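Notes to accompany the following structure.
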2 protein chains.
Amino acid sequence: MTQRPDDDEVLDRAEKAAADIRSSIISGQFTPGSRLSEQALGDALGVSRNTLREAFRMLTQEGLLVRRPHAGVIVAVPSLASIIDIYRVRRMIEVQAMRAAPPRHPAGRQLASAVEAALAARAAGDWAAVGTANMEFHRAIVSLADSARLDRVYANVSAELRLAFGIIDDPEYLHAPYVDRNASVLRAHEEGRSGDAADELDAYLIQSERTLLAAYARRDRDAAR
Amino acid sequence: MTQRPDDDEVLDRAEKAAADIRSSIISGQFTPGSRLSEQALGDALGVSRNTLREAFRMLTQEGLLVRRPHAGVIVAVPSLASIIDIYRVRRMIEVQAMRAAPPRHPAGRQLASAVEAALAARAAGDWAAVGTANMEFHRAIVSLADSARLDRVYANVSAELRLAFGIIDDPEYLHAPYVDRNASVLRAHEEGRSGDAADELDAYLIQSERTLLAAYARRDRDAAR
DNA sequence: ACACGAAAGATCGTTCAACAACTTCCCTCC
DNA sequence: GGAGGGAAGTTGTTGAACGATCTTTCGTGT
């Protein structure tokens, strides 16, 4: 399902380490601001310091890690500015991809199956799976643009976004309201109403941003005690 | 002028090496497809193989280098697909940034001075400087969107584009036609006609893409003898 | 002459050890 | 309780080493 036999999936150890760290960050095991020691993490992942440093370089460029000279790398700490910026990029890419989407694009299948998966997961009460399906839905939207570079940019932004999602611990609150909206966007797209689909998506993203910003402000206030 | 005292410009050796290699690629000293040996290049830049590898990792993520497992890295070879993709990204970002540009944005000054620089350079017959001013003009357009992430993405795409420009050896042919169009876009922007500015820019980019694709096809045909 | 295949050579992938430069932490002193 | 200073720990960077893998060369057979 997730395999891509045509793609050259020969990962070297640095790439594997980067993938490991990335998923640890996204899953919340490494919390924002926490320091990653080269020695300790290298031992844990079974790679040398040099190799780990290559992984750090990649993740730093992706914005998931931040380097502080001579003081190690830390997991990036989402800020109000970064959340706003991420949504700016999302809106620019997703809305335009949807608006210009050709009718029978192959990615349409992926959109549909992501919506199906989200509905099924919601019925089962599996909110984590709802979240995964939701992310997949938006990834598929971007792939409507048929641009390898946009896909890559979006993958990065998406990882940063999940990092920011970490400030909300309730996945239901985070993803539940959007399952039906996804379905509505999909319907508009399938019926050839690309403009409607794009407009709905835009409103959707604006609201999603507001929700996240509000949660951030709330947590910030609480953290200040 | 190019200094940014507020920015943390403490470059470690890997970043310096990456910057060196980047400019060598952009300037055409390292031609597409040529192989970069770790040993030789490390000696030339005065860095160890491990450090150079970190630089390679960054440049590979930027799309300027391509890793072939166990066979070293080569300078990325522009393809028809990559040119098309780069322009797709440019249009998406630049046109929308221009369309949504607020009236008195600080970057407006940069737009104006880039146009001035291009005019002066053209009058002096310095086509390389015209090219630099042209790239700066577009960078300023993107910065109208006030998005750190878009700025970053554009910087990458811009470097890839310059790599593709390398297939045209005549900078006059490459940049001359666009000086006046830049000025026209600027005028529309300054007069508050953002829509017009965006439309002109769109047409501009489409034509620029055609020119480059034509040059590519021509060179491809010639290369095949 | 040319295709094929195997051995030799070169390069990559990765680790380890070492050391200077720099931070951080802790302890002492005022 | 805060300032200062030193010890301990980490990062930045290098050089050497070695197995794995690719490239080139060379020889052989048709």
Side-chain angles (χ1 to χ4, degrees), chain A residues 5 7-25 29-77 225, chain B residues 5 7-25 29-77 225:
Chain A
D7 222 310
D8 290 334
E9 287 282 0
V10 191
L11 297 184
D12 54 40
R13 304 192 72 153
E15 282 166 330
K16 258 186 268 207
D20 278 356
I21 298 168
R22 201 180 290 117
S23 74
S24 288
I25 293 175
Q29 287 186 265
F30 293 156
T31 58
S34 63
R35 180 172 172 175
L36 304 185
S37 151
E38 294 184 356
Q39 182 70 51
L41 191 52
D43 289 350
L45 297 177
V47 298
S48 72
R49 271 183 66 213
N50 292 89
T51 300
L52 185 60
R53 278 176 134 270
E54 293 187 29
F56 281 174
R57 275 263 141 68
M58 299 189 252
L59 295 168
T60 299
Q61 263 195 330
E62 291 175 20
L64 289 180
L65 298 181
V66 175
R67 268 175 28 90
R68 294 175 310 169
H70 288 281
V73 305
I74 63 172
V75 179
V77 180
R225 206 125 326 164
Chain B
D7 222 310
D8 290 335
E9 290 282 358
V10 190
L11 297 184
D12 55 39
R13 303 192 72 148
E15 282 165 331
K16 257 185 269 207
D20 278 356
I21 298 168
R22 202 180 288 117
S23 74
S24 289
I25 292 175
Q29 287 186 263
F30 294 155
T31 58
S34 63
R35 181 173 174 174
L36 303 185
S37 149
E38 294 184 355
Q39 181 70 53
L41 190 54
D43 289 351
L45 296 177
V47 298
S48 74
R49 222 153 64 83
N50 283 323
T51 300
L52 184 61
R53 278 177 132 268
E54 294 187 28
F56 280 174
R57 271 268 147 51
M58 299 189 253
L59 295 167
T60 298
Q61 264 196 330
E62 292 175 21
L64 289 180
L65 297 182
V66 175
R67 268 174 28 89
R68 294 177 311 169
H70 288 283
V73 305
I74 63 172
V75 179
V77 181
R225 207 125 326 161

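Per chain, numbering begins at 1; letters A, B, ... match sequence-line order. All values reported here derive from a predicted model rather than from experimental measurement.
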Give me the residues of residues 64-71 of chain B where at least one heavy atom lies under 4.0 Å from an atom of DNA chain D, by number, or none.
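Those residues are B/Pro69, B/His70, B/Ala71.
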Strand contacts (DNA chain D) in residues 35-45 of chain B, 4.0 angstrom heavy-atom criterion
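DNA chain D contact set from residues 35-45 of chain B: none.
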Below 4.5 Å, heavy atoms only, C-beta onward: do [X] and [Y] meet side chain to side chain?
X       : Y       : answer
A/Val73 : A/Val66 : no
B/Val75 : B/Leu65 : yes
A/Gln39 : A/Asp43 : yes
A/Leu64 : A/Phe30 : no

5' to 3' on DNA chain D, which nucleotides open and close the contacts with chain A (atom under 4.0 Å from a heavy atom)?
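Range of nucleotides within reach of chain A: D/dT10 to D/dT14.
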DNA chain D: 5'-proximal contact among A/Val73 and B/Gly46 (nearest heavy atom):
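Its nucleotide being nearer the 5' end, the pick is A/Val73.
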By side chain to side chain donor-acceptor pair (under 3.5 Å) - contacts of B/Arg13 (at least two apart)
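Result, side chain to side chain donor-acceptor pair (under 3.5 Å) vs B/Arg13: none returned.
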Start with the C-alpha gap between A/Arg53 and B/Arg53, add the side-chain angles, then the distance that decides, and say whether side chain to side chain contact (heavy atoms under 4.5 Å, CB included) holds.
CA-CA 10 Å; A/Arg53 278 176 134 270; B/Arg53 278 177 132 268; over 6 Å; no
May I have all residue pairs that pass side-chain hydrogen bond (donor to acceptor under 3.5 Å, both in side chains) and include part of residues 62-75 of chain B, sequence neighbours excluded?
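Found A/Asp12-B/Arg67, A/Gln61-B/Glu62, B/Arg22-B/Glu62.
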Can you pull the contact range of chain A along DNA chain C, 5' to 3', using atoms under 4.0 angstrom from its heavy atoms?
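Boundary nucleotides touching chain A, in 5' to 3' order, are C/dT14 to C/dT24.
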5′-ward residue of the pair A/Asn50/B/Gly72 relative to DNA chain C:
B/Gly72
